[in-house]
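Let me begin by presenting the structure, written as structure tokens, before commenting on it.
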Amino acid sequence: MLHSASVQSGGRDLSARPSFHAPDAVPPGVRVSVVIPTLNEEENLPSVLARLPRGLYELIIVDGRSTDKTVAVARRLRPDARIVMQTGRGKGNALAAGFEVCTGDIVVMLDADGSTDAAEIPRFVAALCNGADFVKGSRFAQGGASSDITAMRRLGNRVLSGLVNTLYRTSYTDLCYGYNAFWTRCLPYMRVDCNGFEVETLINVRIAKAGLVIHEVPSYERDRMYGQSHLHVVRDGSRVLITIVAERISAAAWRTMLPRRRGLRP
Ligand SMILES: Nc1nc2c(ncn2[C@@H]2O[C@H](COP(=O)(O)OP(=O)(O)OP(=O)(O)O)[C@@H](O)[C@H]2O)c(=O)[nH]1
Ligand SMILES: [Mg+2]
């Protein structure tokens, strides 16, 4: 069921955008860490942070050396937030740095461009408390939608989701969406060791390979509010494809194949 939000931001009225009914607080007794990667998001952060539910345990903002006032805006609006300066490059590296310092029971991954609605967090947490190890937001599950995705990206996402579902026997409806939540105990199975936008795929595949319980919740993706997307369809789509294949061909398989190909095996 959709309803209208009522946050005002930078002259834009967000009440025109749909968002889901959700409690405005996470349940007491569960420590929820929210990790937000930021790269030049000074204009978007105020609306994103305004939508965070009450009762969060910690907020971690991982900045990729923004050249605008992102860090200052974050410090002013949320003096309680932990700000981590990223040492490497890319969203994958930023999330890995954020996960490393999380001390809560649950981790939520949220974007800073205004596309993912922090008000949905309680529904992710509820699904985790109801038995899931890993909860994936989906724009294509029943009740989800996107005003942001282009026809080209929708097609690419569908093809890549189908490939993952075939290779890993999963039922993902939206592989390339960055709004996910999981119990901190899942982190050793993810071992996030990539740099770019393939990070969501890497996580989804490794969680599936570990046999963890995955639930999807519908999510509404809004348009990026201000600024430019950092994603390039061909470059990042290729990285996603390589990740899917590389994760299927395990290191052990490569070790057996390589000597045979070179005629080195006895
Ligand atoms: N710290 C850090 N954050 C990044 C980096 N690249 C992207 N981000 C953040 O990651 C989030 C997602 O990036 P976007 O550029 O919106 O990419 P996207 O949402 O996958 O693609 P769009 O649908 O085109 O917006 C945003 O909060 C960005 O600020 C990076 O190199 N370092
Ligand atoms: Mg975005």
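Scope of the values below: all heavy atoms of this structure, side chains included, with no hydrogens, waters or symmetry mates. Note that ligands are numbered from 1 as they come in the structure, with each ligand's atoms numbered from 1 the same way. In this text the structure is predicted, and so the values were computed from the model without any measurement. Along the sequence shown, residues are numbered consecutively beginning with 1.
- Taking Arg76 as the reference, Val73 meet the side-chain contact (heavy atoms from CB on, under 4.5 Å) condition, with sequence neighbours excluded.
- Set against the non-hydrogen atoms of Val62, the atoms of ligand 1 under 4.0 Å away are 1 (N).
- Shortest contact from atom 2 (C) of ligand 1 to any protein heavy atom: Gln86 OE1, 3.3 Å.
- If you check which protein heavy atom lies closest to atom 25 (O) of ligand 1, you get Asp113 OD2, 3.3 Å.
- Close approach to Glu41 involves these atoms of ligand 1, each under 4.0 Å from a residue heavy atom: 26 (C), 27 (O), 28 (C), 29 (O).
- Residue contact check: Ala112 has heavy atoms under 4.0 Å from atoms 26 (C), 27 (O) of ligand 1.
- Polar contact check, Thr38 against ligand 1: a nitrogen or oxygen pair lies under 3.5 Å apart.
- Protein heavy atom closest to atom 9 (C) of ligand 1, with residue, atom name and distance, is Pro37 O, 3.6 Å.
- Open room surrounds OH on Tyr189; 12 or fewer heavy atoms of other groups in view lie less than 6.0 Å from it.
- Among protein heavy atoms, atom 30 (C) of ligand 1 sits closest to Gly90 C, 3.6 Å.
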Would you tabulate the side-chain donor-acceptor contacts of residues 124-135 under 3.5 Å, counting partners in other chains and residues two or more places apart, or write 'none'?
{"residue": "Asn130", "atom": "ND2", "partner": "Ala126", "partner atom": "O", "Å": "3.2"}
{"residue": "Asp133", "atom": "OD1", "partner": "Arg185", "partner atom": "NH2", "Å": "2.9"}
{"residue": "Asp133", "atom": "OD2", "partner": "Val213", "partner atom": "N", "Å": "2.7"}

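- Residue-ligand proximity, Arg153 to ligand 1, at heavy-atom distances under 4.0 Å covers atoms 21 (O), 22 (P), 23 (O), 24 (O).
- No option in Ile106, Ile60, Leu110, Leu49 other than Leu110 meets the side-chain contact (heavy atoms from CB on, under 4.5 Å) test with Val34.
- With hydrogens left out, the protein atom closest to atom 19 (O) of ligand 1 is Asp111 OD2, 3.5 Å, a heavy atom.
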Report the C-alpha separation of Val84 and Val101 in whole Å, then their side-chain angles, then the decisive distance to 0.1 Å, and conclude whether the side chain to side chain contact (heavy atoms under 4.5 Å, CB included) test is met. CA-CA 9 Å; Val84 176; Val101 299; 4.0 Å; yes
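- At most 12 heavy atoms of other shown residues, nucleotides or ligands fall within 6.0 angstrom of atom CZ in Arg169.
- Protein heavy atom closest to atom 20 (O) of ligand 1, with residue, atom name and distance, is Leu231 CD1, 3.4 Å.
- Sorted pairs that involve residues 140-149 and meet salt bridge (charged side-chain N to carboxylate O under 4.0 Å, His left out), not counting sequence neighbours, are lacking altogether.
- A distance-only check finds no donor-acceptor pair linking the side chain of Thr201 to the backbone of Val240 [under 3.5 Å].
- Within ligand 1, the atoms closer than 4.0 Å to a non-hydrogen atom of Ala94 are 1 (N), 2 (C), numbered from 1 in the order shown.
- Formation of a donor-acceptor pair under 3.5 Å by the Asn44 side chain with backbone atoms of Tyr226 is found in this model.
- Across all non-hydrogen atoms, the minimal contact from Glu120 to Ser219 is OE1-OG, 2.7 Å.
- Summary of contacts: the protein heavy atom closest to atom 24 (O) of ligand 1 is Ser229 OG, 2.5 Å.
- By the 4.0 Å heavy-atom criterion, Ser115 is excluded from the residues contacting ligand 1.
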Please assess Lys209 against Glu247 for the test salt bridge (charged side-chain N to carboxylate O under 4.0 Å, His left out), listing each intermediate value before the final yes or no. CA-CA 9 Å; Lys209 278 163 70 172; Glu247 287 295 309; 3.1 Å; yes
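- Within the protein, the N, O or S atoms sitting under 2.8 Å from the Mg ion (ligand 2) are Asp113 OD2.
- For Asn93, no heavy-atom contact with ligand 1 is shorter than 4.0 Å.
- Listed by number with element, the atoms of ligand 1 under 4.0 angstrom from any heavy atom of Leu39 are 3 (N), 4 (C), 5 (C), 6 (N), 29 (O), 30 (C), 31 (O).
- Near Phe197, meaning under 4.0 Å from one of its heavy atoms, ligand 1 places the atoms 7 (C), 13 (O), 17 (O), 20 (O).
- Atom CE of Met152 has 12 or fewer neighbouring heavy atoms from other residues, nucleotides or ligands inside a 6.0 Å radius.
- Contact of the Asp117 side chain with the Tyr220 side chain is not registered, since no non-hydrogen atoms from C-beta on lie closer than 4.5 Å.
- Using a 4.0 Å cut-off to heavy atoms of Arg224, the atoms of ligand 1 that qualify are 14 (P), 15 (O), 16 (O).
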Full working for side chain to side chain contact (heavy atoms under 4.5 Å, CB included) between Lys136 and Thr173: CA-CA 9 Å; Lys136 210 184 152 347; Thr173 58; over 6 Å; no
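- Annotation for Arg158: atom CZ does not count as buried by contact number, only 12 or fewer foreign heavy atoms lying within 6.0 Å.
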